[in-house]
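Worksheet: one structure, shown below.
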Amino acid sequence: MATHRRMAFLCLARINVLGLQKSVNRVAYATALSVKSSTGNKRLPDRSSRKSMGRKRDVEEPRTQKMPVDQDWTAVYPAAAPFKANAVPLPVRMGYPTKGGVPPEKRGNLELIKIPNFLHLTPAAIKKHCEALKPFCTEWPSALDTDAKCDEHFPIKVESTDYVSAGPSLRNPLARIVHLKVKLSSLNLDDHARKKMLKLVGERYCKDTDVLTITTNSCPLRKQNHDYAMYLLTVLYHESWKTEPWEAEKTVADMEEYSWEDSPSQKNLLDMLLRMKVAGEGEGEEMQEQLLRRSEVQEYKNSVVRLKNEGDSESAMLQYKEAVKKILNL
Amino acid sequence: MAALMGLRRELFSLARILTGISHLGPRLGACSGHRKCNTTSSHFPLTSSTSFHTATVFSSVASSIQVTEEPDTLFQKVSIIVKGHDRAVLDSYELFATMAAKELSITISKVYEPPRDVERLTLLKSVHIFKKHRVQYEMRTHYRCIELSHLTGCTAQVYLEYIQRNLPEGVAMEVTKTAIEKVPDHILEPTWKDHPIDDKPSQ
């Protein structure tokens with residue numbers, strides 16, 4: 001570069017010495033300069049070719065300028081990709097605004113690159129994907145509209161959970177847990193079987209909703225846990241129908257419900273009635289049966305059974321009071 | 001008559017797939033229970049990648065769908081809970097998931113936002129001593145719950161795989177609860193009716 005300058009100055013000096021007109025000087029100066037620039041162009045690529053080529057490319061406009069308005073956006077972002085400022089034709093600004101200014105622009109903005117973007121999931125793209133997925137879907141049977149119908153035809157419900165997260169491993173040990181829920185009213189159980197089932201099952205039964213919940217997590221795989229839960233249900237069912245010889249030793253304390261027959265309350269009432277001599281004379285079982293068949297006695301029995309089974313409440317106490325009044329003829 | 005839905009179907013046999021519930025009860029009682037259709041994954045990646053860019057591949061996709069005689073599982077409720085640190089990302093994801101469900105004609109029963117959890121830590125600021133100077137960190141977890149109802153096994157598999165493949169990176173996690181309905185078959189009658197005094201442990 002230095003040699004070129006020297007040459008130019010020499011030219012200038014020579015022109016001045018000759019005493020030519022200013023215009024000529026200017027022309028000469030201009031030509032000298034133009035010569036310099038042309039020689040500079042020829043020389044520059046040899047010395048720093050890459051710099052000039054890069055600078056030339058920066059002048060090009062970004063891709064967003066060339067995008068037509070009705071383009072197919074699903075072709076620009078077909079899959080999840082980071083945010084490219086020159087491919088997204090939106091004037092987005094992101095970041096904390098400078099003092100008295102605005103958030104930084106999208107060009108070279110790291111904040112826009114960091115966050116997950118949904119540019120590949122525009123409504124048009126979702127519709128396209130779903131069109132391709134439709135053939136693999138099946139329809140829900142139209143006759144199972146309501147939950148009641150589902151419960152009637154399919155009483156057993158099996159619940160399990162899947163987990164998706166980022167980490168060193170795909171697997172989650174909690175995914176093997178299976179909950180099996182069934183309403184006991186939908187199973188074929190008689191009275192004794194139902195009571196035995198409740199005793200076998202214990203806390204797993206909910207009285208309010210009549211739902212038996214069996215939770216299995218002892219096997220490592222979900223399928224195994226599911227099979228084990230079905231096996232437990234089968235065993236419970238068949239065992240509850242069986243009557244073991246030791247079940248005859250069931251005492252009054254083991255009973256689930258209060259039954260009035262052969263209870264101290266019945267004995268007391270009969271004794272009292274006999275002493276009152278309400279029905280006249282005569283004793284024996286026939287007398288007792290006659291007494292038991294009387295409506296007041298039945299009412300008293302109902303009220304006592306209700307109090308014992310359902311607990312104390314206003315209406316239950318009133319019913320008991322009425323029954324007692326009728327028996328004692330008050 | 002064909003049994004209930006299988007996973008892969010031929011397009012010309014669509015008519016005989018959809019049967020009424022009148023065939024459902026006794027038919028399913030006779031079958032040996034439901035089995036999960038687990039063969040989508042081999043075909044799914046093919047279709048999803050090829051059918052976006054070119055339309056000509058669709059014909060090959062259609063011909064690869066076959067009907068199987070396996071009875072389909074039925075899900076009464078599918079509950080998707082997404083967790084993330086950024087509520088805006090969860091908003092976008094919810095929009096995507098609900099739109100996808102509508103396109104695939106899945107009934108959405110409820111979409112709601114459970115309250116966020118914030119886990120806070122108070123640590124010592126310095127490596128050594130200076131007990132009075134601490135620094136506090138917090139981790140905010142936002143939730144979003146989408147409940148779908150009345151899905152078949154095939155539809156649920158397709159939808160969940162689509163949703164899970166498009167989960168945003170790291171920020172959102174997903175927990176799916178599925179409740180399946182079934183019919184008991186060997187629990188209909190006790191085995192003791194024929195043998196009243198029996199000690200058989202198994203059925």
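We name chains A, B, ... by the order of the sequence lines, and we start the count at 1 in each one. Worth saying up front: this structure is predicted, and the values here are computed from it rather than measured.
Separation of atoms NZ (Lys127(A)) and CE (Met99(B)) is listed at 6.0 Å; rounding is to 0.5 Å. One distance of note links OH of Tyr159(B) with CG of Leu133(A); it measures 11.5 Å at 0.5 Å rounding. Phe75(B) CZ to Glu159(A) CD: the interatomic distance, rounded to the nearest 0.5 Å, is 11.5 Å. To the nearest 0.5 Å, the span separating CG on Leu104(B) from CD on Glu131(A) amounts to 9.0 Å. One finds the OG atom of Ser149(B) at 8.0 Å from the CG atom of Asp147(A) (value rounded to the nearest 0.5 Å).
The number of heavy-atom neighbours closer than 6.0 Å to CZ of Arg194(A), taken from other residues, nucleotides and ligands shown, is above 12. Counting non-hydrogen atoms of other residues, nucleotides and ligands closer than 6.0 Å to NZ of Lys149(A) gives a total above 12. Heavy-atom contacts from other residues, nucleotides or ligands closer than 6.0 Å to NZ of Lys181(A) number 12 or fewer. Around atom NZ of Lys183(A), no more than 12 heavy atoms belonging to other residues, nucleotides or ligands sit under 6.0 Å away. The local environment of CG in Leu123(B) is crowded, with over 12 non-hydrogen atoms from other residues, nucleotides or ligands closer than 6.0 Å. For OH of Tyr112(B), the number of neighbouring non-hydrogen atoms (other residues, nucleotides, ligands) closer than 6.0 Å is greater than 12. A 6.0 Å sphere centred on OH of Tyr228(A) holds no more than 12 heavy atoms belonging to other residues, nucleotides or ligands.
Residue contact with chain A, scored on non-hydrogen atoms closer than 4.5 Å, is absent for Thr107(B). Neither the backbone nor the side chain of Asp72(A) has a heavy atom closer than 4.5 Å to any heavy atom of chain B. For His120(A), the part lying near chain B is the side chain, with the backbone staying farther off; criterion is any non-hydrogen pair under 4.5 Å. Leu151(B) touches chain A through its backbone: at least one of N, CA, C or O sits under 4.5 Å from a heavy atom, while the side chain does not.
The side-chain heavy atoms of Val164(A) and Arg165(B), taken from C-beta on, include no pair separated by under 4.5 Å. Considering only heavy atoms from C-beta on, Leu74(B) stays 4.5 Å or farther from Cys150(A) through its side chain. Within the 4.5 Å cutoff, the side chain of Tyr162(B) has heavy atoms near those of the Ile126(A) side chain. Side-chain contact between Lys134(A) and Ser105(B) is present, with at least one heavy-atom pair separated by less than 4.5 Å.
Under a 3.5 Å cut-off, the side chain of Thr152(B) and the backbone N or O of Thr138(A) do form a donor-acceptor pair. With hydrogens and angles disregarded, no donor-acceptor distance shorter than 3.5 Å links the side chain of His150(B) to the backbone of Trp140(A). Remark: the backbone N or O of Gln76(B) is not paired with any side-chain donor or acceptor of Lys157(A) at under 3.5 angstrom.
Test Asp91(B), Val89(B), Asn166(B), Leu95(B) against Phe118(A) for side chain to side chain contact (heavy atoms under 4.5 Å, CB included) and you get one pass: Val89(B).
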